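One-based numbering along the sequence shown. Hydrogens, waters and symmetry mates are skipped; everything else that's a heavy atom, side chains included, is used. The model shown is predicted, which means the values in this text are computed figures rather than measured ones.
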Amino acid sequence: KKRISSGINAEYGQTFKLQLSESKEMTILGGGVSSLFFMFLLTAVGNLEGILMGKGFELQLVPEVAFALIVSLVVAGSIHRVSITCCLIFSLVILYFMNSISQKTYGLSESAAPVKVEKKKRR
């Protein structure tokens, strides 16, 4: 379902390309639409890796997040140049909130006990 959502989202961006590049507000909206594409694509990649590599697999910053961000920036760039900057900002905000929701849902509920390190005295 997420792959279909991201594909439909990209198609809407290309279909309304002329309208999204008409004014400042619409170019910002184009960046917002592209950042939603980032969210759907990142979720689809995470679900695919969860199926292929097992449930315990986590998304990493460099291959998965960077791939989804670059693809969404390319989609935003095909709409308007200003949409690239808006997409980057909105995508980073979405990534922050996705990470915080993930930490609340799947994170460890116990905090690690501090380890006390003893220093050896020199004579």
Side-chain angles (χ1 to χ4, degrees):
K1 289 183 179 181
K2 295 295 179 185
R3 282 183 248 156
I4 294 172
S5 299
S6 61
I8 290 172
N9 193 3
E11 288 299 319
Y12 279 134
Q14 293 304 310
T15 302
F16 298 110
K17 180 179 178 178
L18 294 175
Q19 289 86 359
L20 289 172
S21 61
E22 282 181 353
S23 66
K24 293 179 184 179
E25 293 82 14
M26 294 303 281
T27 55
I28 293 171
L29 181 66
V33 168
S34 299
S35 65
L36 289 177
F37 176 73
F38 166 76
M39 181 182 70
F40 291 138
L41 184 62
L42 187 62
T43 306
V45 168
N47 289 341
L48 180 65
E49 285 186 348
I51 291 170
L52 296 177
M53 298 184 188
K55 278 204 173 244
F57 193 78
E58 297 178 0
L59 292 175
Q60 300 295 319
L61 180 65
V62 175
E64 294 92 4
V65 176
F67 168 74
L69 186 62
I70 289 171
V71 171
S72 65
L73 291 176
V74 168
V75 169
S78 67
I79 295 172
H80 195 273
R81 290 180 295 177
V82 177
S83 296
I84 297 172
T85 307
C86 296
C87 176
L88 179 65
I89 293 169
F90 294 151
S91 295
L92 292 177
V93 170
I94 286 173
L95 184 63
Y96 172 77
F97 284 111
M98 285 177 75
N99 187 31
S100 66
I101 291 170
S102 175
Q103 290 299 319
K104 288 178 185 175
T105 306
Y106 302 111
L108 296 174
S109 60
E110 301 174 9
S111 61
V115 177
K116 188 175 182 181
V117 178
E118 296 180 21
K119 294 183 180 180
K120 294 182 180 181
K121 293 182 181 179
R122 292 186 181 185
R123 293 184 180 209

Which heavy atom in [X] sits nearest to a heavy atom in [Y], and how many Å separate them?
X	Y	value
Ser72	Ser34	CB-O, 3.6 Å
Ser91	Leu69	CB-CD1, 3.7 Å
Phe90	Ile28	CE1-O, 3.7 Å
Glu64	Glu49	OE2-OE2, 2.8 Å
Leu73	Ile84	CD2-O, 3.4 Å

Quick one: which residue pairs count as a side-chain hydrogen bond (donor to acceptor under 3.5 Å, both in side chains) with a foot in residues 76-89, not counting sequence neighbours?
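Checked against side-chain hydrogen bond (donor to acceptor under 3.5 Å, both in side chains) - neighbours excluded - the pairs reaching residues 76-89 are Gln14-Ser78.
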
Same cluster or not: are [X] and [Y] linked, directly or through other Ile, Leu, Val, Met, Phe, Trp or Tyr residues, by side-chain heavy atoms under 4.5 angstrom apart?
X	Y	answer
Leu61	Ile94	yes
Phe38	Val82	no
Ile70	Leu88	no
Met98	Ile101	no
Val62	Val71	no

Holding to side-chain hydrogen bond (donor to acceptor under 3.5 Å, both in side chains), I want the full list of residues that pass it with Ser102, two or more places apart in sequence or in another chain.
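Result, side-chain hydrogen bond (donor to acceptor under 3.5 Å, both in side chains) vs Ser102: none returned.
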
CG/Leu52 to CG/Asn47 distance, rounded to the nearest 0.5 angstrom?
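So the CG of Leu52 and the CG of Asn47 are separated by 11.0 Å.
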
Are any of the side-chain heavy atoms of [X] and [Y] separated by less than 4.5 Å?
X	Y	answer
Leu95	Leu42	yes
Met39	Leu36	yes
Val45	Val65	no

Other residues, nucleotides, ligands: >12 heavy atoms within 6.0 Å of Glu58 CD
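For Glu58, atom CD is not crowded (no more than 12 foreign heavy atoms under 6.0 Å).
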
Heavy-atom count around Phe57 CZ within 6.0 Å, excluding the residue itself: above 12?
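Enclosed.
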
Please walk me through it: do Leu29 and Glu25 pass side chain to side chain contact (heavy atoms under 4.5 Å, CB included)?
CA-CA 6 Å; Leu29 181 66; Glu25 293 82 14; over 6 Å; no

